[in-house]
Amino acid sequence: MKILFIDQSGQPGGAELCLMDIARPYRDRCLVALLVDGPFKDLLEQQQIPVQVLAQQSIEIRKDSSLWLALSRIPALLPLLGQVVKLARQFDVIYANTPKALVVGAIASLITRRPLVYHLHDILSASHFSHTNRQIAVTLANRATLVIANSHATQAAFIEAGGRPELTRILYNGFQPDNYLIPLHEQEALAKELDLNRDTFWVGHFSRLSHWKGQHILLDALALCPEEISALFVGDALFGEADYVQHLQAKVKDLGLENRVRFLGFRNDVPQMMSLCHLITHTSTAPEPFGRVIVEAMLCGRPVIAANAGGATELINSGQTGWLCESNAPQQLADQIIFCHQHPEQSQVIAKAAQQKASQDFNLSVVNQQLAQILQPLSSEPT
Ligand code: UDP
Ligand code: GLC
């Protein structure tokens, strides 16, 4: 089966990293079409996954800009649509990986009569999308042959927003567990390179810098923790959230945390960076659709505290494979961080159990087999 994947982003967010893993087994019979250029293209090329950028000066694609805007610009998008239609004719299936890819993919599917798959990485609820954007996404997705949801939470929100339940399948993100086992000597070398004090208790946060990812919640919690606890933030503002970055920097000063916080920017060595942490926190203020960083922390054998909402509740069994704390609750988060600091052995037992569970439940080879099965019926679709 030849697949045309479409993604709106040039940045390597979670949906894009998931797509890279999904496309890899199809690399001799697929193309990833990107609506904008960016470092994601380089990552795909490094993996020998065919990629083509369909850049248009006339569209500015931001993760949070409105789908309505994208639709209203369809006249300006005609050349882009023409490109996608032409490409789609060379493939059996159109696979839209993001909402704006869905807009383009749905029209191309209508014209070329190729089946449309929509991989839904977002929770289509009021906390993430406006009413209009939800309506557009659901209306277009309901025309797809298949809607692949990245968690039960994502599937439930889709149905709640008017999505057709019978179209949906659930597919978790998959990971290669071996990539997360980092030898001690590598950890030591990296800590030295970054000048990270090995005696400090490091709490890690690994997400793009964006208000709903809640880095500010960890800062508030840190201010409630003893001085020997520090935080390191890995990730950058991928989708133009410069104001939030300034807000975080001001907050560090206001809380007097200058000596206990490191911002390390976007890194391509997340497993190595996670291995340097004693604990990893996830603090999204709105329900997380899946939460790759939670599973990655588990695979690294590091204890995880996540916000108790959305997909995170499917990844962690609180008290057994990590902890779930209420979202937007810095005091509760601080209490749990202090517990982990004071009970390293108990935390390690939980982290070990999580590591074992995550390597079974989120194994990429299993997930890719599941995807092949999900897509199987499409190979006999009339084109
Ligand atoms: N990530 C990364 N470098 C960074 C920060 C994050 O490679 O500096 C990766 C991280 O390891 C994870 C992904 O970006 O695989 C983020 O996915 P997640 O599902 O956690 O959140 P999203 O940003 O997609 O909402
Ligand atoms: C999206 C979601 C994130 C999920 C990722 C991969 O970016 O925000 O929660 O883990 O897609 O499915």
Side-chain angles (χ1 to χ4, degrees), residues 7-9 11-22 38-40 42-43 46 63-64 96-101 118-125 127-129 147-155 157-158 170-176 179-180 182 194 204-215 232-239 241 244-245 262-277 280-300 302 304 306-307 309-316 327 358 362 364 367 371:
D7 193 287
Q8 73 195 47
S9 177
Q11 297 293 339
E16 287 68 36
L17 295 173
C18 174
L19 173 62
M20 192 158 72
D21 284 334
I22 279 178
F40 180 42
D42 305 332
L43 286 181
Q46 279 163 26
K63 194 125 183 161
D64 55 353
N97 197 53
T98 56
K100 281 162 202 155
Y118 179 37
H119 198 142
L120 178 59
H121 294 277
D122 299 300
I123 289 195
L124 293 175
S125 69
S127 47
H128 287 281
F129 289 89
V147 175
I148 298 177
N150 64 357
S151 66
H152 288 274
T154 297
Q155 179 197 43
F158 174 68
I170 290 168
L171 187 77
Y172 285 140
N173 282 220
F175 302 82
Q176 289 170 279
N179 291 348
Y180 295 85
I182 310 302
L194 295 169
H205 195 293
F206 293 76
S207 285
R208 55 198 158 88
L209 303 180
S210 175
H211 188 273
W212 79 272
K213 290 294 187 180
Q215 280 84 0
L232 65 83
F233 292 88
V234 170
D236 210 343
L238 294 187
F239 303 106
E241 298 96 337
Y244 183 59
V245 176
R262 295 276 303 267
F263 285 99
L264 296 169
F266 186 89
R267 310 255 332 174
N268 279 320
D269 55 355
V270 164
Q272 286 75 2
M273 290 302 305
M274 284 186 168
S275 301
L276 298 184
C277 299
I280 288 153
T281 53
H282 161 272
T283 56
S284 293
T285 59
E288 182 72 53
F290 176 78
R292 290 175 59 87
V293 290
I294 299 169
V295 177
E296 292 176 310
M298 292 162 94
L299 290 171
C300 284
R302 295 298 177 264
V304 198
T313 63
E314 297 163 47
L315 310 181
I316 290 181
S327 316
F362 306 103
L364 182 60
V367 169
L371 178 67

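Basis for what follows: all heavy atoms, side chains included, without hydrogens, waters or symmetry-related copies. Whatever order the structure lists them in is the order used to number ligands and atoms, beginning at 1.
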Checklist entry - For ligand 2, is any non-hydrogen atom under 4.0 Å from Asn173's backbone (N, CA, C, O), its side chain (CB onward), both, or neither? => result side chain

Item to check | Parallel, tilted or perpendicular, as decided by the 30° and 60° cut-offs, for the rings of Phe290 and Phe175 | outcome: parallel

Checklist entry - side chain to side chain contact (heavy atoms under 4.5 Å, CB included) between Val270 and Glu296: does it pass, once the steps are laid out? => result CA-CA 8 Å; Val270 164; Glu296 292 176 310; 4.2 Å; yes

Next on the checklist: Please determine whether any non-hydrogen atom of His121 lies less than 4.0 Å from an atom of ligand 1.
Outcome noted: no

Item to check | Atom indices of ligand 2, in the order listed, that fall short of 4.0 Å to a heavy atom of Arg292 | outcome: 10 (O)

Checklist outcome for this item: ligand 1 atoms nearer than 4.0 angstrom to some heavy atom of Val293 are 10 (C), 12 (C), 20 (O)

Checklist entry - Any nitrogen or oxygen of Asn150, main chain or side chain, under 3.5 Å from a nitrogen or oxygen of ligand 2? => result yes

Checklist entry - So Trp212 and His128, would you call those rings parallel, tilted or perpendicular, with 30° and 60° as cut-offs? => result perpendicular

Item to check | ligand 1 N/O within reach of Gly14 N/O, cut-off under 3.5 Å | outcome: yes

Item to check | Ligand-residue contact atoms, ligand 2 with Gly14, heavy atoms, under 4.0 Å | outcome: 5 (C), 6 (C)

Next on the checklist: Polar contacts were defined as any N/O atom of the residue lying under 3.5 Å from an N/O atom of the ligand; does this apply to Arg267 and ligand 1?
Outcome noted: yes

Next on the checklist: Can you tell me how far apart NE2 (His282) and NZ (Lys213) are? Round to the nearest 0.5 Å.
Outcome noted: 5.5 Å

Item to check | Min N/O separation Arg208 to ligand 2 under 3.5 Å | outcome: no

Checklist entry - How far apart are the C-alpha atoms of Leu19 and His119, what are their side-chain angles, what is the distance that settles it, and do they pass the side chain to side chain contact (heavy atoms under 4.5 Å, CB included) test? => result CA-CA 9 Å; Leu19 173 62; His119 198 142; over 6 Å; no

Checklist entry - Against heavy atoms of Gly235, which atoms of ligand 1 measure under 4.0 Å? => result 5 (C), 8 (O)

Checklist entry - Which option, Glu296, Glu288, Lys213, owns the non-hydrogen atom nearest atom 12 (C) of ligand 1? => result Glu296

Item to check | Heteroatom distance test (Val234, ligand 1): nitrogen or oxygen, under 3.5 angstrom | outcome: no

Next on the checklist: If the cut-off is 4.0 Å to any non-hydrogen atom of His121, which atoms of ligand 2 fall inside it?
Outcome noted: 1 (C), 2 (C), 6 (C), 11 (O), 12 (O)

Next on the checklist: Just to check, does Gly291 reach to within less than 4.0 Å of ligand 2 when the distance is taken from its heavy atoms?
Outcome noted: yes

Checklist entry - If you measure from atom 15 (O) of ligand 1 to every heavy atom of Arg292, His205, Glu16, which option wins on shortest distance? => result Arg292

